[in-house]
Amino acid sequence: MINWSEANDLELVCYCIEVDKKTIVAAIKNGNDTLSKIKESTKACTGSSCKELNPSGECCSKDIKNLIKLYSGKDTKEECCSCCNS
């Protein structure tokens, strides 16, 4: 797992939609402090090719939740996207 506090702003978080850390952090700072709000505002975590495109072979939802916790202090317990459940 990536250490998001040290990751470059251009590091991709969502490989399906190609959303980087900078975009996610900006959304969080604009009040989008849940996975649902991040999905709505950035479209991150709305793709369906996580296992193929993400080098970790996992959905980006865990990384987004880590960024939310890091930048807002909130620990969201939301379920990840539907692509993870298949």
Side-chain angles (χ1 to χ4, degrees):
M1 181 169 293
I2 294 176
N3 179 346
W4 288 108
S5 62
E6 296 179 7
N8 182 299
D9 281 348
L10 300 179
E11 181 77 36
L12 284 181
V13 179
C14 177
Y15 285 80
C16 296
I17 310 297
E18 297 185 356
V19 181
D20 59 25
K21 175 187 173 186
K22 180 180 179 180
T23 302
I24 301 289
V25 170
I28 294 166
K29 290 181 178 182
N30 282 324
N32 298 289
D33 56 2
T34 66
L35 183 57
S36 298
K37 289 178 181 178
I38 292 293
K39 290 164 94 173
E40 186 178 320
S41 66
T42 69
K43 303 303 179 219
C45 201
T46 62
S48 61
S49 302
C50 295
K51 292 179 179 161
E52 296 81 20
L53 299 175
N54 191 333
S56 72
E58 296 182 348
C59 175
C60 61
S61 62
K62 291 177 188 175
D63 292 317
I64 294 171
K65 289 180 193 182
N66 285 332
L67 286 166
I68 291 169
K69 187 171 184 176
L70 182 65
Y71 288 94
S72 77
K74 294 186 178 182
D75 193 9
T76 181
K77 302 291 185 199
E78 289 177 275
E79 295 294 322
C80 66
C81 63
S82 60
C83 71
C84 302
N85 301 322
S86 54

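For Asp75, the side chain to side chain donor-acceptor pair (under 3.5 Å) partners are Lys77, not counting sequence neighbours. Take Lys21 and apply the side chain to side chain contact (heavy atoms under 4.5 Å, CB included) test, not counting sequence neighbours, and it matches Trp4, Ala7, Asp9, Val13, Val25, Leu67, Tyr71.
If you take CG on Asn54 and CG on Asp63, they are separated by 6.5 Å, rounding to the nearest 0.5 Å. The OG1 atom of Thr46 sits 12.0 Å away from the CD1 atom of Ile38 when rounded to the nearest 0.5 Å. The line from NZ of Lys51 to CD of Glu58 is 9.0 Å long, rounded to the nearest 0.5 Å. For the atom pair OG1 (Thr34) and CD (Glu40), the distance works out to 8.5 Å, reported to the nearest 0.5 Å. In this structure, the separation between CD1 on Ile2 and CG on Asn66 is 10.5 Å, given to the nearest 0.5 Å.
Of all heavy-atom pairs between Asn8 and Leu10, the closest is OD1-N, 2.6 Å. Scanning both residues, Thr76 and Lys65, for their nearest heavy atoms gives CG2-CG, 3.6 Å. Smallest separation of non-hydrogen atoms from Cys60 and Cys50: N-SG, 4.3 Å. The minimum heavy-atom distance linking Cys16 with Ser49 is given by the pair SG-N, 3.2 Å. The minimum heavy-atom distance linking Ser48 with Glu52 is given by the pair O-OE1, 4.1 Å. Closest approach of Cys45 and Ile64 over heavy atoms only: CB-CD1, 3.8 Å.
Both Ile28 and Ile17 belong to a common hydrophobic cluster when Ile, Leu, Val, Met, Phe, Trp and Tyr are linked at side-chain heavy-atom distances under 4.5 angstrom. Under the 4.5 Å side-chain heavy-atom criterion for grouping Ile, Leu, Val, Met, Phe, Trp and Tyr, Leu12 is not connected to Leu70 through any hydrophobic cluster.
Counting heavy-atom neighbours within 6.0 Å of Glu11 CD, excluding the residue itself, gives a total above 12. Atom NZ of Lys37 sits in a crowded spot, with more than 12 heavy atoms from other residues, nucleotides or ligands closer than 6.0 Å.
The shortest side-chain heavy-atom distance between Ser61 and Leu35 falls under the 4.5 Å cut-off.
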